[in-house]
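Report on the following structure.
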Amino acid sequence: MTDTPRRFGVVVGVSDFAPSEQISQIPFATKDAAKVYETLRDECGFSTKRLKLLASTKPDDIDGGIEAPTRPNILNALKYAAETAGEDDLILLFVASHGVEISSVPYLLTADTRMNVVKETAIDTTEINEIL
């Protein structure tokens, strides 16, 4: 255990979805996620070593690499934070995307979501809770 709690952040912005899926694009989701990332980094003491940006496009003002906001990438980032964080550490998850509810279960849509298999390609929020 460390003396000072560490801060982990997973910041997701999904602006672009497959056109064939008829999911409306969200033009500002990536910009919103980038702004949250910058604020956490510059104003809130989050180290870039423990702060992950997953976005549809790379914002000009973000240094370093980002990953596409796909289901596997988002789950991998969450699992890393959950497995690395200690008992007193903070994990912040920010998501700018669409969501759907199927049989009273909410799902977050990712860049690789396919509506005909949404349960397998979106992220069930109970899965997020289990990881964290």
Has R7 got a side-chain atom pairing as donor or acceptor with C44's backbone, closer than 3.5 angstrom?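 Between the backbone of C44 and the side chain of R7 there is a qualifying donor-acceptor contact (under 3.5 Å).
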Under 3.5 Å, side chain of S47 to main-chain N/O of K49, donor-acceptor pair present?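 Flag set: sc S47 to bb K49 pair under 3.5 Å.
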Which pair of heavy atoms, one from [X] and one from [Y], lies closest together, and at what distance?
{"X": "L51", "Y": "L40", "answer": "CD1-CD1, 3.9 Å"}
{"X": "V118", "Y": "L109", "answer": "CG2-CD2, 4.0 Å"}
{"X": "P69", "Y": "V14", "answer": "CB-CG2, 3.6 Å"}
{"X": "A68", "Y": "L54", "answer": "O-CD2, 3.8 Å"}
{"X": "A96", "Y": "A29", "answer": "O-CB, 3.6 Å"}

Checking [X] now: which residues fulfil side-chain hydrogen bond (donor to acceptor under 3.5 Å, both in side chains) with it, not counting sequence neighbours?
{"X": "N73", "value": "T70"}
{"X": "D124", "value": "T126"}
{"X": "S15", "value": "T30"}

Applying salt bridge (Lys or Arg N to Asp or Glu O under 4.0 Å), can you list everything that pairs with R71, at least two apart in sequence or on another chain?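 Here the qualifying residues are E127.
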State plainly whether one hydrophobic cluster holds both [X] and [Y], where clusters connect Ile, Leu, Val, Met, Phe, Trp and Tyr through side-chain heavy atoms under 4.5 angstrom apart.
{"X": "Y37", "Y": "F94", "result": "yes"}
{"X": "I74", "Y": "I128", "result": "yes"}
{"X": "L75", "Y": "V95", "result": "yes"}
{"X": "M115", "Y": "L108", "result": "yes"}
{"X": "L93", "Y": "I131", "result": "yes"}

Pair listing, ring pair (Phe, Tyr, Trp, His ring centres under 6.0 Å) test, anchored in residues 12-33, at least two apart: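 Every pair satisfying ring pair (Phe, Tyr, Trp, His ring centres under 6.0 Å) with a residue in residues 12-33: F17-H98.
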Let's go through T110 and S97 carefully: what are the C-alpha distance in whole Å and the side-chain angles of both, what is the deciding distance for side chain to side chain contact (heavy atoms under 4.5 Å, CB included) to 0.1 Å, and is it a yes or a no? CA-CA 7 Å; T110 65; S97 183; over 6 Å; no
More than 12 foreign heavy atoms under 6.0 Å from CD of Q22: is that the case here? no
Quick one: pull up CG in L90 and CZ in F46 and give me the separation to the nearest 0.5 Å. 5.0 Å
Rounded to the nearest 0.5 Å, what separation is found between the OG1 atom of T48 and the CG atom of L53? 12.0 Å
Residues which pass ring-ring contact (aromatic ring centres under 6.0 Å, His included) with Y107, listed by chain and number, not counting sequence neighbours: none
Pick one: which of D88, I91, D89 meets side-chain contact (heavy atoms from CB on, under 4.5 Å) with R6? D89
